[in-house]
Amino acid sequence: MAIDVKIINVFLTEGMNTFKQMFDIETTNKEPHLLDIHAGHPWEISGLLGVTGNIKGIVAFRLHKTLANKMLERSGLSCRPEDYEEMAIGLVSEFTNIISGHSVSALTEYDLEISPPFCVTGHNHEIAWPRNYPVVAIPFTTQFGPFEVDVCFK
């Protein structure tokens with residue numbers, strides 16, 4: 001089954017809508033491109049989830065700590081200063097979950113299911129992308145920094 005661009009577009013639309021609704025942050029998407037999975041990257045946090053069903057793959061929401069901290073600040077959640085980084089990472093995980101849940105609900109014809117999200121952190125961390133399948137990177141900008149949605153479906 002060839003991947004319908006509608007699947008990628010739903011994840012993009014839901015990401016933009018969720019950013020606006022949860023954090024009142026406007027986003028602008030840039031031109032998608034194929035990701036070189038062997039090249040380094042600048043991202044410090046990646047919210048990941050697996051997609052199963054008629055189509056299998058990985059969706060990654062990738063960003064810098066600065067943007068994650070701004071998301072936490074604008075969310076209205078409060079926490080102790082020593083818990084701030086952990087809360088920001090948890091918020092990225094929940095944000096990834098919300099985007100994926102909305103996206104899967106909009107793609108009922110594909111009979112998809114999603115795994116619980118999890119985050120990978122650290123400068124230039126690695127993601128075990130499925131081999132021999134392209135990863136499409138969709139960069140975005142916000143007034144608080146960039147982020148990227150990467151999708152790989154087989």
Say whether [X] and [Y] are linked into one hydrophobic cluster, either directly or through other cluster members, by side-chain heavy-atom distances under 4.5 angstrom.
{"X": "Ile8", "Y": "Ile127", "answer": "no"}
{"X": "Met22", "Y": "Val149", "answer": "yes"}
{"X": "Leu77", "Y": "Phe144", "answer": "yes"}

Does the pair Asn124 and His41 meet the rule for a side-chain contact (heavy atoms from CB on, under 4.5 Å), with working shown? CA-CA 5 Å; Asn124 204 26; His41 63 81; 3.4 Å; yes
Whether Thr108 side chain and Ser105 backbone form a donor-acceptor pair below 3.5 Å: no
Please check this pair: side chain of Asp111 against backbone of Asn54, looking for a donor-acceptor N/O pair closer than 3.5 Å. no
Please find the pair of heavy atoms, one from [X] and one from [Y], that lie closest to each other, and give the distance.
{"X": "Leu63", "Y": "Trp43", "value": "CA-CE3, 3.5 Å"}
{"X": "Pro130", "Y": "Ile58", "value": "CD-CD1, 3.7 Å"}
{"X": "Ala106", "Y": "Val10", "value": "CB-CG1, 3.9 Å"}
{"X": "His64", "Y": "Pro42", "value": "CE1-O, 3.2 Å"}
{"X": "Val135", "Y": "Cys152", "value": "CG2-CB, 3.8 Å"}
{"X": "Ile99", "Y": "Gly15", "value": "CD1-CA, 3.7 Å"}

Using a strict threshold of under 4.0 Å (side-chain N to carboxylate O), is an ion pair present between Glu113 and Lys56? no
Which residues share a ring-ring contact (aromatic ring centres under 6.0 Å, His included) with Phe147, sequence neighbours left out: Phe19, Phe61, Phe140
Pairwise distance [atom1]([X]) to [atom2]([Y]) - rounded to 0.5 angstrom:
{"X": "Ser93", "Y": "Leu49", "atom1": "OG", "atom2": "CG", "value": "9.0 Å"}
{"X": "Ile7", "Y": "Leu12", "atom1": "CD1", "atom2": "CG", "value": "12.0 Å"}
{"X": "Cys119", "Y": "Leu91", "atom1": "SG", "atom2": "CG", "value": "9.5 Å"}

A side-chain contact here means heavy atoms from C-beta on lying under 4.5 Å apart; do [X] and [Y] qualify?
{"X": "Val120", "Y": "Leu48", "result": "yes"}
{"X": "Ser115", "Y": "Thr52", "result": "no"}
{"X": "Thr18", "Y": "His102", "result": "yes"}

Any residue meeting side-chain contact (heavy atoms from CB on, under 4.5 Å) with [X], in chain and number order, not counting sequence neighbours:
{"X": "Val104", "value": "Leu112, Ile114"}
{"X": "Glu73", "value": "Lys70, Tyr84"}
{"X": "Ala88", "value": "Ala68, Asn69, Leu72"}

Here the salt bridge (Lys or Arg N to Asp or Glu O under 4.0 Å) pairs for residues 81-95, sequence neighbours left out, are Lys65-Glu85, Arg80-Glu82, Arg80-Asp83
Can you run down the salt bridge (Lys or Arg N to Asp or Glu O under 4.0 Å) pairs that involve residues 137-152, sequence neighbours left out, and say none if there aren't any? Arg62-Asp150
Per-pair distances, 0.1 Å, donor-acceptor, side chain in residues 23-37, under 3.5 Å, sequence neighbours excluded:
residue	atom	partner	partner atom	Å
Asp24	OD1	Lys20	NZ	2.6
Glu26	OE2	Lys20	NZ	2.9
Asp36	OD1	His38	N	3.0

Give me each pair satisfying side-chain hydrogen bond (donor to acceptor under 3.5 Å, both in side chains) with a member in residues 125-146, each pair once, sequence neighbours excluded. Ser46-His125
